Each structure stands twice: as structure tokens, then as C-alpha cells.
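Written below as C-alpha cells is the structure these notes are about.
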Amino acid sequence: MLYKSLKNYEHIVMFDKAVINGLAPNKGLYYPVKIPILSNNFIENIQNYNIFDICLKVIKYYIGESLSEKDLLDIIQNTLTFQFPLHKIDDNIYSLELFHGPTLAFKDVGAKFMACCLEKIQYNNKITVIVATSGDTGGAVANGFYKISNVEVVVLYPSGGISNIQEKQISTLGDNIKALEIEGTFDDCQKLVKNVFLDQELQKKLKITSANSINVARLLPQMFYYFDAIKKIQNKGYEIIFSIPSGNFGNIFAGMLCKAMGLPINHFIASTNINDTIPRYMKYGKYEPKKTYSTISNAMDISDPSNFVRIQELYNNDIFSLKKDLSAYSFSDQETLDIIIKVQKKYNYILDPHGAIGYLGLLKYLYKSNYKNNVIGIFLETAHPIKFIDKMPNFFRKKINMPISIEKLLLKNKKTIKLSNNFKELKSWLLNNNK
Ligand SMILES: *Cc1c(COP(=O)(O)O)cnc(C)c1O
């Protein structure tokens with residue numbers, strides 16, 4: 001499979017190059033030149049295939065010659081070491097739980113897949129993966145890349161700006177995982193990473209890539225759980241609707257790609273917090289990012305979502321055809337907390353703040369479109385509620401069980417490198433670290 005840059009259709013590379021580069025040289029996002037269509041026969045008989053075969057069939061077109069089929073199957077098996085349960089909340093409403101991986105967030109899938117790809121793809125020198133995190137990405141990337149040979153991982157996070165669990169997930173592994181505790185905000189961390197990619201000397205001396213969802217190796221495996229959910233639903237004449245709590249819009253793009261390949265999904269809902277650039281775009285047709293606000297669903301505190309251009313490309317930049325497949329709604333922190341408490345009382349099920357927004361979006365869509373009995377609504381539950389326990393009301397905290405893995409993690413001591421938000425300091429650290 002070939003990938004073009006969305007800023008220059010002439011710049012075309014294979015999968016392995018797209019993974020190593022992260023972004024195209026002109027900072028364009030990579031996008032598949034052609035989207036494969038799966039046969040009706042396969043889709044209709046999806047129940048008869050096991051999950052590994054389904055994933056192999058779905059993703060192999062996108063990998064092309066870059067990896068052998070055997071390597072690819074290995075990678076899939078190493079990635080999918082946990083389940084994606086479909087938890088029934090109410091008649092025709094399901095939570096697709098994506099948080100049963102090692103760091104309790106859906107990003108484990110993409111991070112592990114990308115790490116395994118880099119391990120198999122041939123390159124001559126050591127590669128440095130650099131990533132700025134506002135919480136979940138750092139842990140998933142650190143865990144996915146831990147002890148992968150020839151890969152050095154550098155995670156930048158704002159000192160005091162992430163939860164205790166998240167910090168321990170990044171800073172207690174050691175080995176090839178370096179945790180840089182930056183005196184500054186998440187925006188400072190992101191700016192530092194951007195500067196690393198713009199710095200000629202660093203680019204010449206080190207091989208550096210990014211593990212954010214702009215990287216196709218993180219993005220594409222997110223298709224797996226949409227296929228798995230449809231397989232489990234055993235679709236018998238139902239309309240299927242997915243609501244996705246969205247920040248950078250990578251997870252929802254993966255779902256829309258599944259539909260483009262032939263997976264029977266009728267509609268998507270992009271559910272956001274008050275960082276509502278896309279809901280406003282869908283309503284008024286103008287893309288106008290505002291300043292980013294902090295919310296209790298902090299993994300979605302993004303006002304200029306990088307993957308949205310991929311969604312626009314998928315719909316030929318035609319907002320009218322996009323509207324047929326996509327609705328978008330935003331919700332406040334108060335609405336989020338209220339629904340978490342309500343769902344716990346009514347169904348004895350605990351949502352995390354991100355999943356809660358997914359659920360709210362689904363309810364709003366079903367209400368607006370005159371809820372019909374032949375609809376199945378699925379929202380993505382993207383993280384375990386324990387990760388956001390400090391955002392929950394006091395009386396509610398004791399209701400959330402602490403997984404044993406987290407109890408053990410919290411006993412470990414963090415090891416970090418403290419740096420200011422001055423780029424020169426980061427640059428000399430990177431150069432010394434790679435001597
Ligand atoms: C990253 C993240 C999201 C947002 O996913 P995108 O692919 O960036 O839209 C939602 N929920 C949680 C818990 C996350 O960590």
C-alpha cells in the first residue's frame with residue numbers, strides 16, 4: 001500500500017517509510033492512496049472468522065510489501081492480548097470497553113502495534129520515538145515500546161499536569177523509556193516536540209519519529225475493535241450507530257475507514273467536551289479552533305484535531321456527504337459528572353469522563369432521530385474510570401475498584417529527568433543521550 005501526503009499528493013511512500021517518518025517532510029499527514037473494499041462474502045460471514053484472521057484481512061492491504069504476512073500476524077497476536085467486551089447497558093445500548101489493556105486506555109492497541117512494527121521494519125540505526133503527552137498517550141507508548149531493541153522512547157509530560165497513575169505508568173519502567181518531566185504545560189511539551197522535528201541538526205544526527213495518532217501505525221489498528229464489535233453483535237437487520245468520544249479524531253477516523261471498506265455501520269457520532277471545534281464546524285460549516293479549555297475529560301482537551309483533515313479527505317472535502325454519516329455534539333463537565341452518577345445509580349455501571357461523553361452523544365442522537373427499535377447504539381468506553389478517580393466527586397470514589405496492576409504500580413518509585421521548557425536544554429539532552 002502506498003501513502004500520499006495530504007499536503008502534496010506527489011509525495012508517495014510505502015507503509016514502512018510512513019511509519020518511520022511519522023509526518024511527510026512538508027508536515028502533511030500520510031493517507032492511503034487507495035482504500036480497499038472487503039468482499040460482501042467476508043462481511044456477511046464475519047462470525048465464522050477468528051479475531052486474528054479478521055484483523056489480518058483488514059490491515060494487510062495497508063501494510064503491503066512492508067512486512068510479511070507471517071510477521072504481520074505475529075504483530076497482531078502480540079497486540080491483541082486482551083479483550084474488547086461489549087457491555088450491555090440498556091436495551092439496544094452497549095459500551096464497547098477498550099480499557100482492558102496494560103495501561104487501561106484504548107491507546108494500548110495503537111501503541112503496541114506501532115512498537116511491534118518498528119521492531120520488524122528494517123532500518124540501520126537506532127530510532128528515537130518522541131512524544132508529548134497530556135496523560136494517556138505517554139503510558140501506552142512507554143508500555144508498548146518497553147524493551148524493544150534499537151528504539152529509544154522519550155516521553156515529555158507537564159510536571160504536575162497529569163494524574164499520579166499516569167505519571168507512574170510513564171516513569172517507573174526505565175530501560176529504553178526516558179520520562180522527561182517538563183516545567184511547563186502540555187502546550188509547552190508539544191511545542192518542544194515540534195521544534196525537535198524542525199531542528200536541522202537533530203534531524204541530521206538522530207533518526208526521530210513520533211508516536212502520536214498522526215502515525216499510520218498507531219491509527220490503522222484502531223479499526224480492529226470496530227470489526228470485533230460487529231462480529232459480536234451478530235447484526236440481524238439492525239442499524240448500527242457508533243458514538244466516539246473524540247479529541248484528535250484518530251479513533252473515529254479508524255471507524256469511518258471501516259465503513260468505507262464495507263463494514264455495515266450506519267452512522268457515527270463525534271462526542272466532544274467543550275472543546276467543540278468539530279460540532280461547530282458541522283453546524284456552521286466553518287473550521288474555527290478557539291483556545292483550548294481544561295476539562296475533566298482531559299485526553300480530549302484539543303481544539304485543532306489533527307486527524308480531521310483525514311476525515312475530510314475520506315469525504316472528498318464535501319461537508320454535505322459527511323453530514324449523512326457524521327453528527328457531532330459537545331458536552332460540559334457538569335453534564336459529564338451528572339451522567340456518570342446517573343448511570344451508576346440506574347445501571348450500576350461506572351463510566352469514565354470520556355466514555356460518559358460518548359454515552360451522552362449517543363443518547364442525544366437517538367433522541368433527536370426518534371429512537372427506533374431496530375437501532376443498536378454503541379459508545380466507545382476509552383479508559384478505565386480508575387485513571388480519572390481524582391476527577392470524580394468524593395462520595396463516588398470508593399465505588400471504583402482498584403485493579404491489582406495499578407496497586408502494584410503505585411508502590412513503585414518514579415524516575416524522571418527534569419528539564420525546563422527551554423528548547424536548547426532539550427536539544428543538548430537529546431544529543432548527549434544518543435552519544
Ligand atoms: C486519546 C483519548 C481520547 C481521544 O481519542 P482521539 O483518537 O484523539 O479522538 C478519548 N478518550 C481517552 C481516554 C483517550 O485517552
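Indexing begins at 1, ligand by ligand and atom by atom, following the structure's order. This structure is a prediction, so every number in the text was calculated from the model and none was measured.
Residue Pro245 approaches ligand 1 through these ligand atoms, each under 4.0 Å from one of its heavy atoms: 4 (C), 10 (C). Below 4.0 Å from some heavy atom of Ala383 lie the following atoms of ligand 1, by number and element: 13 (C). Listed by atom number, the atoms of ligand 1 under 4.0 Å from Phe249 heavy atoms are 6 (P), 8 (O), 9 (O). In summary, the atoms of ligand 1 found under 4.0 Å from a heavy atom of Gly250, numbered by their order in the structure, are 6 (P), 7 (O), 9 (O).
How far OG1 of Thr277 is from CZ of Phe249: 8.5 Å, rounded to the nearest 0.5 Å. Note that OG1 of Thr292 and CE of Met300 are 13.0 Å apart. Values are rounded to the nearest 0.5 Å.
For atom 4 (C) of ligand 1, the closest non-hydrogen atom on the protein side is Gly247 N, 3.6 Å. Of all protein heavy atoms, the one closest to atom 11 (N) of ligand 1 is Thr382 OG1, 2.8 Å. Summary of contacts: the protein heavy atom closest to atom 7 (O) of ligand 1 is Asn251 N, 2.9 Å. Protein heavy atom closest to atom 14 (C) of ligand 1, with residue, atom name and distance, is Lys107 NZ, 2.8 Å. If you check which protein heavy atom lies closest to atom 8 (O) of ligand 1, you get Asn248 N, 2.8 Å.
Below 30°, between 30° and 60°, or above 60°: for Phe224 and Phe113 the angle between ring planes is above 60°, a perpendicular geometry. Between His267 and Tyr365, the ring planes lie parallel to each other; the angle is under 30°, not in the 30° to 60° tilted range.
Contacts of Ala105 with ligand 1, taken as heavy-atom pairs under 4.0 Å, are absent altogether.
Taking distance alone, with nitrogen or oxygen atoms compared against 3.5 Å, Met300 stays at or beyond that limit from ligand 1. Looking at ligand 1, you'll find an N or O of Asp136 within less than 3.5 Å of one of its N or O atoms.
In this structure, Tyr238 and Asn266 have side chains that are not in contact, with every pair of non-hydrogen atoms separated by 4.5 Å or more. A 4.5 Å side-chain heavy-atom check between Asn316 and Ser321 finds every atom pair outside the cut-off. You'll find the side chain of Gln169 reaches within 4.5 Å of the side chain of Leu409, heavy atoms only.
Figure legend: Lys259 and Phe268 shown without cation-pi pairing, the cationic atom not lying both under 6.0 angstrom from the six-membered ring centre and within 45 degrees of its axis.
Across all their heavy atoms, Thr209 and Val19 have their closest contact at OG1-O, 3.2 Å.
The closest heavy-atom contact to atom 5 (O) of ligand 1, among the options Phe253, Phe106, Phe388, Phe99, comes from Phe106.
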